[in-house]
Each structure stands twice: as structure tokens, then as C-alpha cells.
Amino acid sequence: MKIILHVWRQKDRNAEGKLVRYECPNVSEHMSFLEMLDVLNEDLTAKGDDPVAFEHDCREGICGCCGFVINGVAHGPMPGTTVCQLHMRHFKDGDELYLEPWRAMAFPVLKDLMVDRSAFDRIIAAGGYVSVSTGAPPDGNALPVPKSDAERAMDAAQCIGCGACVAACPNASASLFTSAKVSHLGLLPQGQPERHERALGMVRQMAIEGFGACGNIGECEAVCPKRISIENIARMHRDFLCAAFAERPHVETGGAG
Amino acid sequence: MSVGSAAPSAAGARSADTSKLLSFYHSPVGKKAVMAITGLIGAGFVIAHMLGNLQVFLGPAVMNAYGMKLHESPPLLYGARTVLLIALALHIVAAVQLSRMNAQARPKGYAKWTPAGSSYASRTMRVSGPLLALFIIYHLLHFTSGVAHPNFHYQDALHRVPAPYENVVAGFSNPVVSLVYIAAMIVLMLHIHHGAWSLFQSLGLNHPRYTPALRSLARAASYALLTGNCAIPLAVLAGVVK
């Protein structure tokens, strides 16, 4: 089948970009979306043109590298699917598709459909971790975890950090990503010692990076390839508000030992 | 953590508390919490306000007695008005600051953007909000102060207690005025439709058992506000209330 693409082409971080029209005449319905772009890129390279830059790695929907906006929906029209797992059988002959990179101040475009997502790394560094003692591993099940907590932590931990939530949010808010990270640690006993600091640190970093505020409209969970729920955002708000009010002044002296 | 700082004096502790409050408000999550609490005050008020106003259907005696009752205790009346105005002001200030921040977060929009899971009401909060602010100004000048009312009556001119029944009938007899009110109530319906459940999410309250009920409750409240409030101008125009 034939697919017409309007692809965002931008030379580098500082260049002005624009949409460029390409025709893909021989698209097989068995191709993944990225394979269609691979074919387009081979044609472009053969003609001596610059291939379209897009990020990809595992191509099985688990690494979080890929993603761009297809016709105004992050990762395209299939719910719960990354772009690499989106197949051309979901499109019809003659479809015109607009491909644009994630758009956010905090995600500067590096080239074409590729953006710099290191803002997410800095949010993780601001609290998305647990401190553990090194040494011998603890006995399995020494620390009891209720099954429902483990399940909800696992649901949140599914976040692959692709950035679709930011792309879909009209405010370019990183709340779904950050809250998934806050939740998957905060729901487990290992995450309790740093729970308040984590919420304060990560929420603060989110604003420093220039992401917007959450308006609870739910576009993020609709496009999330891992179907992370906005219930996690409420948990992050709860942890942040509790932490902001419970935070005690730093005391230099006192305490046992 | 800083080590070896001077022992905190009372003043130092107070300024640390103030800066904590400021850093709480500095955060978008803190601003949203302020919007949620002030929004809850506003939503509670509009529902109570509608229930009070529906007494217009019980006749002039009941309605005007209700108006008189509200003016019985000036400290209570002005206290309530002060709380509402402060809540409104905080709601607007936080909204303006957040909108500015959100606009900066997405400097370049998409050539094509298709909503995938949000309601129309939720996407238009920053349109319905300013429209409601304009309506509130007009509404206060119209039925509260009477400045924008061509035929404003007082039931107790000495204590400046308005006669709500006569003012409502005279005010809504003008179809243009009624139309403005009905349009404003559609905007209010949209704002409450999203706001009345979203505020719980902003405060960190989301639970699979209660959130669907809260969403239904918000929807029900928004439709009730629309029908209840629009019934009054429509009844006046139809001649049912005269």
C-alpha cells in the first residue's frame, strides 16, 4: 500500500525545522512503523539525501527509546503500544500521516524526530532510587510485601520512560513519568526511608527542568504504551503534600547514638 | 545538608517556616493544591447558592425572607463574602501563574494534535475559567450591588437589603440578560464537570473504589447546576415566575 508521510525535519538543536512530504509507495502491511521508515531511509540514502533520524533500540516495546507523534497522538493510534510495535496493517492505503517529535521545552529536538530526554535522568537522580546496604543479599521474602502492593508497584515500574506522557500533555507535564517512579518505590517497604525526600526532590526537579503542571485531563494515560494510571499522579501529589507539611527543621544535635 | 549552622533563633525558625510555605507554593503541585481547595470552596458555594436561589419558585415572600435572613448578621455575611473573594483571588492568581508556566513548557505546538483520552470540559478549563471570572464581575454588579441593574429594588432601603425576588424578575425579563446568564451557566457546567473531581486528584485522593463515584458526582453536580440555575431565567421569560 501507499502511505504519504509529512515528517518533521530539523537539522540540529538550533535549526528551524519544517514538515517535509515523502511518499512510501510499497509499504507492506506486515511492516512495523519503524521498518517503513527504514525503507524510506534507504531510499533517501540512495538518493544522497539525509535519512530521517529517529530513536530506536529493542523494537519490542520494552526499552523506551522510540516514540514520536503520529497524526497528533503520541506513539500513534494503537492504545498501549510503542511506535516500534505499531504495524502498518492498522493503516490503510493512501493514508496521510504527520510525524512530529515530542514537543516540550524540556525535550529539545536533537534532529528530526529525536529529542534529548536527559531531563528524565535528572528527575531520577533527584530521588528515584533506594539506598541499600551492600554485602550479602538479604534472605528472600525476609521483608514481607502484601501482594496487592507488589502488583501496584510492578504496574508503576512498567514505565519505560519513553516520554509519550510529556508529548501528549498540553502542558508538557512530566507528572505521569515522575509519579510512576515515585510510586514503584514508594509502594514497597524498601522505598519508605526516602519516601518524602523522593517526592519533594523529584517534584522540584520536574519544575526545574521546565515541565508544566498537571491538569488531570488524562491524555497521558491514554497514550502511555504501558498503560500507567493517573492514580499514580494522585499518589505523587499525596506524597508531596504530606512531605511538604511533615518536613521537620534540620536538627544538628540530639537523637540516640 | 549544611553542618554547623548557627542555633536557630525564634525569628530564624519563623523565616524558615515562611520559606517552607513559599517553597510549597513555589511548586506546581502546591499551586494545584491551592487551586483545589479554593475550587472546592467555590464549587460548594455555587451549589448552596443555587439551592438558595431556587426558592424563587416558592414566591416573593419566601425568597425575600431568605434574602433578609442572609443580611441579618453583617459579620457573618461579610465574613462569608471575604472568604469567597479570597478563595477566588487565590484561585485566579494560581491559575494565571500555572498557565504561564504551562505555556513556557510547550513553546512550540504540534502541527496536528488529536485528543486521545481527555474530555472537552477538561481541555477548556483555561477558557471557561476567565469567562466565569468575567461573569462573576457582571453578576456582582447586576444582582449584588445593582449598579448594572436598570431597576434595582430594596426591601429595606435603610439597611440596603435588596429585594431579590423583584430584582430577579425585573432582571431576567430582559431576554439578552437571561441569555447571558444561560450561556454563563453552560460555561460553569463545563468548569465544574472537570474541576469538581480533578480537585481530589490534585489533593492526592484517587482510589479505584471512590474515584469513579467522584467523577459521576462531579458530572451530576455540573448538570444539576446547569438545569437548576437556567430554570430561573427560563421561568421568568416563560412568565411562570412574575
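Below, each value reflects all heavy atoms present in this structure, side chains not excepted, and no hydrogens, waters or symmetry copies. Letters A, B, ... mirror the listed sequences (proteins, then strands); counts begin at 1. Since we're looking at a predicted model, the values are computed, not measured.
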Output the option from [options] having the highest count of non-hydrogen pairs under 4.5 Å with chain A.
options	value
B:Met101, B:Arg123, B:Lys112	B:Lys112
B:Gly109, B:Ser118, B:Ser122	B:Ser118
B:Gly204, B:Gly195, B:Pro208	B:Gly204

To the nearest 0.5 Å, what is the distance between [atom1] on [X] and [atom2] on [Y]?
X	Y	atom1	atom2	value
B:Gln201	A:Ile217	CD	CD1	12.0 Å
B:Tyr110	A:Trp102	OH	CH2	7.0 Å
B:Gln104	A:Asn171	CD	CG	12.0 Å
B:Trp113	A:Glu219	CH2	CD	4.0 Å
B:Lys108	A:Glu100	NZ	CD	8.0 Å
A:Leu200	B:Ser27	CG	OG	8.5 Å

Quick one: what part of [X] sits under 4.5 Å from any heavy atom of chain B, side chain, backbone, both or neither?
X	answer
A:Pro101	backbone
A:Arg204	neither
A:Ala168	backbone

How close do [X] and [Y] get, heavy atom to heavy atom, and via which atoms?
X	Y	result
A:Ala213	B:Pro28	CB-CB, 3.8 Å
B:Leu203	A:Leu241	O-CD1, 3.7 Å
A:Ile230	B:Trp197	CD1-CH2, 3.9 Å
A:Ala104	B:Pro107	C-CD, 4.3 Å

Inset, instruction - With sequence neighbours left out, write down each residue that passes ring-ring contact (aromatic ring centres under 6.0 Å, His included) with A:Phe240, or none if nothing qualifies. - result: none
Legend entry - A:Arg21, CZ atom: more than 12 neighbouring heavy atoms under 6.0 Å: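 More than 12 heavy atoms, drawn from other residues, nucleotides or ligands, come within 6.0 Å of this atom.
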For the candidates [options], which exhibits the highest count of non-hydrogen atom pairs separated by less than 4.5 Å from chain B?
options	value
A:Glu221, A:Met236, A:Met105	A:Met105
A:Ser173, A:Cys220, A:Ala167	A:Ala167
A:Cys214, A:Ser175, A:Cys242, A:Gly218	A:Cys214
A:Pro170, A:Ala74, A:Ala207, A:Ala106	A:Pro170

Considering only heavy atoms, which portion of [X] lies under 4.5 Å from any heavy atom of chain A: side chain, backbone, both, or neither?
X	value
B:Ala33	side chain
B:Lys32	side chain
B:Leu205	backbone
B:Ser202	both

Is there a donor-acceptor contact under 3.5 Å from the side chain of [X] to the main chain of [Y]?
X	Y	result
B:His194	A:Gly215	yes
B:Arg106	A:Cys169	yes
B:Thr114	A:Asn71	yes

Legend entry - Side chain to side chain, B:Asn206 and A:Arg235, heavy atoms closer than 4.5 Å: no
